[in-house]
Protein chains: 2
Amino acid sequence: MEIKSVVTALAALAQESRLAIFRLLVQAGPEGLSAGKISEALGIPPSSLSFHMKELAHADLVSSRQESRYVIYSANFRTMNELLGFLTENCCGGKPCKPTATSDCAGIEETQA
Amino acid sequence: MEIKSVVTALAALAQESRLAIFRLLVQAGPEGLSAGKISEALGIPPSSLSFHMKELAHADLVSSRQESRYVIYSANFRTMNELLGFLTENCCGGKPCKPTATSDCAGIEETQA
DNA sequence: CTTATATTTCTATAATATTTGAATCATGGA
DNA sequence: TCCATGATTCAAATATTATAGAAATATAAG
């Protein structure tokens, strides 16, 4: 994954509303959710939601498909996985961290200044 | 890890200079690097660097220690690991993704719209 | 064709972030 | 003390991002 893409993806997720949107879409799975449902579920006005969806789509973290008069958004797991791959490579100096066991990287860690 | 912390950490890394700084510090390991070394290595003016280091420190992604007249920065692997843990939980609907094998999440993934 | 519904685009405003030179502060040595 | 070095803070300009109502667009149904 290219640095630019990494920064774009991180920026897309580095915002409370968008992180919430993405989490919701991950929960929803491949079927996804309509813009309206997301808007309602998170209490984000439609125009604001549209703005955020554009950010997420630009980062390739979500895809959209038209279904009758609804626009359905779904999470792009592949991109998220690539992002996690990049971050893992760049944590622990390349050694893979098992994210479930929060102790893997801790070995290299200093006692904190 | 709390949502606010996650957003703060993501925002800290969602900037080209800061991502480069963090990667450099990960490479450097627990010994860390002085502000001057980072500044020189990445071609970032001291005052700009200071600004970025404050962001990273605020996100608890780096620590600093004074060493004679140098300020030495080092990566906080623990925080990075916690961040990865959170993101992993929120990708693939809770199922841990092996970040080295970029195919783990792909099973759930749709064919992209 | 008209109306209702879903979503996006437009527009303006407000809030945050970034960049850096200059000034300031801190530490160590002559 | 005085000077040199390393780093941070200040200040001011610039750029980017976020918010949300109103208008426009798209689809479907009567």
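Quick note on labels: first sequence line is chain A, next is B, and so on, each numbered from 1.
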Are any protein N/O atoms closer than 3.5 Å to N/O atoms in nucleotides 20-25 of chain D? If there are, list each pair with its distance.
from   : atom 1 : to    : atom 2 : distance (Å)
D:dA20 : N7     : A:S47 : OG     : 3.3
D:dG21 : N7     : A:S47 : OG     : 3.1
D:dG21 : O6     : A:S47 : OG     : 3.2

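In terms of phosphate contacts, A:Q15 brings a side-chain nitrogen or oxygen within less than 4.0 Å of OP1 or OP2 of D:dT19. In this model, the phosphate group of D:dT17 is not approached by any side-chain N or O of A:H52 to a distance below 4.0 Å at OP1 or OP2. For C:dT8, one of the phosphate oxygens OP1 or OP2 lies less than 4.0 angstrom from a side-chain nitrogen or oxygen of A:Y73.
The distance from atom CD of A:E16 to atom P of C:dT16 is 13 Å, rounded to the nearest whole Å. Straight-line distance from the CD atom of B:Q66 to the P atom of C:dC25: 16 Å, rounded to whole Å. The CD atom of A:E55 sits 8 Å away from the C1' atom of D:dT17 (whole-angstrom rounding). Between A:M53 atom CE and C:dT9 atom P the separation is 13 Å, expressed in whole Å. Put simply, CG on A:L49 is 7 Å from P on C:dT8, counting in whole angstrom units. Rounding to whole angstrom units, NE2 of residue B:H58 and P of D:dT8 are separated by 17 Å. Across the protein-nucleic acid pair, A:L56 atom CG and C:dT8 atom P stand 12 Å apart, rounded to whole Å. Atom pair B:E67:CD and C:dA26:P shows a separation of 19 Å (rounding to whole Å applied).
To the nearest 0.5 angstrom, B:E82 atom CD is 8.0 Å from B:D60 atom CG.
The heavy-atom pair separating A:S74 from A:G32 by the smallest distance is CB-CA, 4.0 Å. Residues A:E67 and A:I72 approach most closely at CB-CG1, 3.8 Å, considering heavy atoms. Across all non-hydrogen atoms, the minimal contact from A:V62 to A:A57 is CG2-N, 3.6 Å. Considering every non-hydrogen atom in both B:V71 and B:Q66, the closest pair reads CG2-OE1, 4.0 Å.
Residue A:F51 is found outside any hydrophobic cluster, as its side-chain heavy atoms come under 4.5 Å of no other Ile, Leu, Val, Met, Phe, Trp or Tyr.
In the region residues 1-14 of chain A, proximity to DNA chain C at under 4.0 angstrom, judged on heavy atoms, holds for none of the residues.
Backbone-only engagement by B:S34 is indicated by non-hydrogen atom pairs under 4.0 Å involving sugar-phosphate atoms exclusively.
In this structure, the side chain of B:T88 engages the main chain of B:L84 through a donor-acceptor pair within 3.5 Å.
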May I have the step-by-step check of side-chain contact (heavy atoms from CB on, under 4.5 Å) for A:T79 and A:L83, ending in yes or no? CA-CA 6 Å; A:T79 302; A:L83 177 62; 5.6 Å; no
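Of the candidates D:dT9, C:dT18, D:dA28, D:dA28 carries the atom nearest the A:R69 side chain, counting heavy atoms from C-beta on. Closest approach to the A:V71 side chain among C:dT18, D:dT8, C:dT7 is made by C:dT7 (side chain taken as heavy atoms from C-beta onward). Minimum atom distance to the side chain of B:Y70 is reached by D:dG6, of the listed C:dT18, C:dT8, D:dG6. The side chain of B:R18 lies closest to C:dT18 when the candidates are C:dT18, C:dT7, D:dT9.
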With a cut-off of 3.5 Å and sequence neighbours excluded, list every side-chain donor-acceptor pair involving residues 35-43 of chain B.
from  : atom 1 : to    : atom 2 : distance (Å)
B:S39 : OG     : B:I44 : O      : 2.5

List the atom pairs, with distances to 0.1 Å, where a side-chain N or O of residues 2-23 of chain A and a protein N or O form a donor-acceptor pair under 3.5 Å, not counting sequence neighbours.
from  : atom 1 : to    : atom 2 : distance (Å)
A:T8  : OG1    : A:K4  : O      : 2.8
A:Q15 : OE1    : A:S17 : N      : 2.8
A:Q15 : OE1    : A:R18 : N      : 3.2
A:R18 : NE     : A:A12 : O      : 2.7
A:R18 : NH1    : A:H52 : ND1    : 3.1
A:R18 : NH2    : A:A11 : O      : 3.3
A:R23 : NE     : B:N90 : OD1    : 2.5
A:R23 : NH2    : B:N90 : OD1    : 3.2

